[in-house]
Amino acid sequence: MTIKPLIILPDPVLRQASKPIERVDGELKRLADDMLETMYDAPGIGLAAIQIGVPRRMLVIDVAREGEDKQPQVFINPEILKSSEERSVYEEGCLSIPDYYAEVERPAVVTLRYLDRDGKEQIVDADGLLATCLQHEIDHLNGVLFIDHISRLKREMVIKKFTKAAKSKAI
Ligand code: NI
């Protein structure tokens with residue numbers, strides 16, 4: 001397993017839509033393992049393949065609480081079939097937007113269809129932190145970031161800050 005460099009805002013790669021995965025093979029499983037390793041190292045609770053520069057529809061999540069055993073989960077070609085009208089608010093962050101957090105409101109429960117690490121189709125209802133995390137990561141597959149769900153003023157401030165930081169790093 002390899003820790004991969006993370007793609008950071010405002011890299012345009014983050015705005016790219018990811019392509020569906022056609023075959024769950026050894027290469028894809030290695031990518032999933034690399035993503036998990038990268039996520040745990042960061043540390044974070046979710047990561048989409050595009051965040052390490054791979055535009056494929058796969059994400060990894062582990063929402064285990066501190067002190068609990070690891071619960072790595074791999075979601076391939078995830079698709080939200082149904083979203084609840086009930087909504088919940090979580091303070092979100094993103095490994096591609098380090099050290100920035102903001103409250104985001106999303107549907108509280110989602111019904112999800114996906115392929116697991118073995119390529120088997122699963123349909124599950126997710127709620128709580130997992131529901132929020134899944135929606136955040138699926139957004140990544142469509143080139144959407146959590147800052148797209150906050151006010152325009154706040155979003156522009158964040159993008160400006162990260163654009164400035166990227167420029168000073170390039171010099
Ligand atoms: Ni993110």
Side-chain angles (χ1 to χ4, degrees), residues 1-21 28 31-66 70-80 83 87-110 112 114 117 124 126-166 169:
M1 290 196 273
T2 319
I3 295 166
K4 303 282 188 184
L6 288 161
I7 308 282
I8 304 293
L9 189 77
D11 195 317
V13 168
L14 291 172
R15 293 306 191 175
Q16 211 176 311
S18 297
K19 291 203 170 67
I21 286 161
L28 193 78
L31 174 62
D33 290 342
D34 288 348
M35 285 168 62
L36 281 165
E37 180 103 343
T38 304
M39 179 186 81
Y40 286 128
D41 176 69
I45 61 169
L47 185 78
I50 192 69
Q51 291 180 274
I52 57 167
V54 182
R56 313 283 303 276
R57 300 188 80 83
M58 177 160 69
L59 44 101
V60 296
I61 287 180
D62 188 337
V63 290
R65 290 199 186 85
E66 229 181 296
K70 279 184 181 174
Q71 291 165 22
Q73 284 186 276
V74 178
F75 299 87
I76 298 162
N77 296 339
E79 200 188 330
I80 291 171
S83 302
R87 301 176 69 92
S88 64
V89 177
Y90 274 94
E91 182 168 78
E92 296 188 24
C94 181
L95 294 179
S96 294
I97 313 173
D99 302 319
Y100 181 77
Y101 303 90
E103 285 192 338
V104 178
E105 188 186 297
R106 300 182 187 267
V109 186
V110 291
L112 185 83
Y114 65 99
R117 197 180 177 278
V124 294
D127 63 4
L129 181 57
L130 179 61
T132 285
C133 194
L134 279 165
Q135 292 172 80
H136 175 123
E137 301 309 331
I138 290 170
D139 271 356
H140 274 299
L141 305 183
N142 299 319
V144 175
L145 301 170
F146 85 94
I147 54 170
D148 298 337
H149 297 288
I150 63 178
S151 77
R152 185 176 157 185
L153 184 70
K154 281 191 197 164
R155 179 169 59 253
E156 283 174 355
M157 274 167 61
V158 182
I159 293 172
K160 208 168 150 188
K161 186 180 151 209
F162 277 81
T163 303
K164 221 170 137 187
K169 239 179 243 170

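Quick note: numbers below take in every heavy atom, side chains included, and nothing from hydrogens, waters or symmetry partners. Order of appearance sets the numbers: ligands from 1, and atoms from 1 within every ligand. In what follows, residues are counted from 1 in the order of the sequence shown.
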Could you tell me whether [X] and [Y] have a side-chain N and a carboxylate O separated by less than 4.0 Å?
{"X": "Asp41", "Y": "Lys4", "answer": "no"}
{"X": "Lys160", "Y": "Glu156", "answer": "no"}
{"X": "Asp99", "Y": "Lys161", "answer": "no"}

Distance-only side-chain donor-acceptor flag, Asn77 / Arg56, under 3.5 Å: no

What protein N/O/S atoms are there under 2.8 Å from the Ni ion (ligand 1), waters excluded? Cys94 SG, His136 NE2, His140 NE2

Donor-acceptor pair, side chain of Arg57 and main chain of Ser18, under 3.5 angstrom: yes

What residues form a ring-ring contact (aromatic ring centres under 6.0 Å, His included) with His140, not counting sequence neighbours? His136

